Amino acid sequence: GDSDLDLKSAIAVAKVIEERKPNIFTLENVKYYAYPKGGKEPRAFNIILDALERGGYTIDTPTIYDARDYGAPSKRERLMFRATRKGTLPPKPEPTHGPTTDTPHVGWYSVLEDMIDGLPDYPIKKLRRANYIYRELQELEVRDGKGKLRGRRSNVVRFGPIDPENIPESVGPILMGGVVDSYRVGMALRDEPTSPVIASTNVVMRILLPGGRVKRVTSRALARLMGFPDSYPLPSDAIPADANYERLTKEQRALEDLSI
């Protein structure tokens with residue numbers, strides 16, 4: 001549900017709308033801001049919506065956009081909401097990539113291919129401690145005739161188990177990402193976008209290559225997946241710099257190395 005900060009922020013936004021009466025209003029947030037889980041009332045969003053309605057605004061339907069549908073190599077769903085006091089709103093942007101277009105989604109491999117060899121090696125002995133990664137790979141499935149990894153789905157046939165230390169050439173490389181304190185793992189083949197990329201020291205990404213090689217995804221590689229050019233300076237407080245990786249807290253390193 002909405003936090004106290006969400007509600008206070010919404011009240012402040014509503015006050016600005018009522019007092020300043022902007023001609024155009026745009027809101028961007030996570031999708032649950034307008035569409036909460038479990039059918040709950042979006043209280044913070046409704047505070048802003050009520051202010052716009054009282055102000056006579058033409059209001060758009062809150063829409064969820066996925067970055068991968070617009071050429072990004074990673075999935076990222078965001079809520080966009082627009083309103084105007086004058087004229088009409090411009091048309092909503094249509095997806096440029098994905099199943100509703102003639103252009104497939106951009107796979108992560110095409111974005112990182114030229115830098116993979118230069119990424120730091122990750123010791124296979126440390127990967128062996130991550131039993132949850134091995135478990136996920138053993139439960140992989142593949143769609144008929146398409147070679148797409150899809151776990152725990154219907155309309156698929158068994159492909160695995162896959163040994164993380166011996167990824168087949170026909171399957172790899174595989175990018176795996178997860179949150180170290182929850183043991184949730186997302187996987188993507190070379191032609192698939194990644195799961196959402198989060199700028200956090202709790203998020204770990206590894207590239208599993210044929211031949212038992214494992215690469216650590218650095219902050220620069222993460223930035224590429226998020227759409228930043230290589231010339232963009234990385235603020236140390238947003239994405240940990242490559243040189244700072246080994247200076248993560250003891251707790252974070254312990255979680256990463258934990259055997260479960």
Side-chain angles (χ1 to χ4, degrees), residues 28 30-31 64-78 80 93-122 127 133 136-137 140 142-143 146-151 162 164 167-180 184-236 238-245 256:
E28 181 267 343
V30 298
K31 64 180 181 180
I64 298 170
Y65 296 92
D66 191 334
R68 62 182 172 174
D69 293 337
Y70 298 88
S74 61
K75 177 181 178 179
R76 185 170 180 81
E77 293 180 321
R78 302 297 291 181
M80 298 293 293
E94 296 293 332
T96 59
H97 295 68
T100 62
T101 75
D102 295 328
T103 306
H105 285 139
V106 176
W108 67 268
Y109 184 75
S110 65
V111 177
L112 299 185
E113 180 179 8
D114 66 315
M115 67 189 309
I116 287 178
D117 285 342
L119 293 176
D121 292 318
Y122 187 76
L127 186 72
I133 290 180
E136 289 289 329
L137 285 170
L140 290 180
V142 64
R143 282 185 179 177
K146 292 190 177 181
K148 299 288 187 181
L149 293 176
R150 289 289 186 272
I162 293 177
I167 301 294
E169 292 281 353
S170 59
V171 175
I174 299 175
L175 189 148
M176 306 193 69
V179 182
V180 297
R184 292 177 299 170
V185 179
M187 290 170 285
L189 285 182
R190 68 176 71 199
D191 61 345
E192 295 180 319
T194 72
S195 52
V197 179
I198 304 172
S200 168
T201 55
N202 279 334
V203 174
V204 173
M205 278 194 168
R206 304 285 181 255
I207 297 175
L208 307 185
L209 299 167
R213 293 183 299 149
V214 183
K215 293 288 186 175
R216 177 170 62 81
V217 179
T218 61
S219 57
R220 177 55 64 191
L222 283 173
R224 266 202 201 181
L225 292 173
M226 298 174 76
F228 291 99
D230 289 348
S231 59
Y232 186 83
L234 298 181
S236 59
I239 303 176
D242 297 348
N244 289 337
Y245 180 78
E256 184 178 351

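Given the structure is predicted, the values throughout are model-derived calculations rather than measurements.
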Supply the atom-to-atom distance [X] [atom1] to [Y] [atom2], rounded to the nearest 0.5 angstrom.
{"X": "M115", "Y": "D230", "atom1": "CE", "atom2": "CG", "value": "6.0 Å"}
{"X": "E28", "Y": "Y65", "atom1": "CD", "atom2": "OH", "value": "12.0 Å"}
{"X": "M187", "Y": "M176", "atom1": "CE", "atom2": "CE", "value": "4.5 Å"}

Hey, does [Y] have a side-chain heavy atom less than 4.5 Å from the side chain of [X]?
{"X": "P120", "Y": "T218", "answer": "yes"}
{"X": "V106", "Y": "R68", "answer": "no"}
{"X": "L189", "Y": "L175", "answer": "no"}
{"X": "M205", "Y": "L225", "answer": "yes"}
{"X": "I207", "Y": "I174", "answer": "no"}
{"X": "R78", "Y": "I64", "answer": "no"}

Inset, instruction - Would you kindly check if the NZ (Lys) or CZ (Arg) of R206 is within the cone defined by 45 degrees around the ring axis of Y122 and under 6.0 Å from the six-membered ring centre? - result: yes

Inset, instruction - Just jot down the salt bridge (charged side-chain N to carboxylate O under 4.0 Å, His left out) partners of K215, sequence neighbours excluded, or say none. - result: D121

Legend entry - For R213, side-chain contact (heavy atoms from CB on, under 4.5 Å) partners two or more places apart: D117, L209

Inset, instruction - Ignoring hydrogens and angles, tell me if any N or O in the side chain of Y70 forms a donor-acceptor pair with the backbone of P93 under 3.5 Å. - result: yes

Inset, instruction - Would you mind checking if R224 and D114 are paired as a salt bridge, meaning a charged N to carboxylate O distance below 4.0 Å? - result: yes

Legend entry - Heavy-atom pair of closest approach, residues A67 and S74: CB-O, 4.0 Å

Legend entry - Smallest separation among heavy atoms of P210 and P168, with atom names: CG-O, 4.2 Å

Legend entry - Contact list for residues 94-113, test side-chain hydrogen bond (donor to acceptor under 3.5 Å, both in side chains), sequence neighbours left out: D69-H105

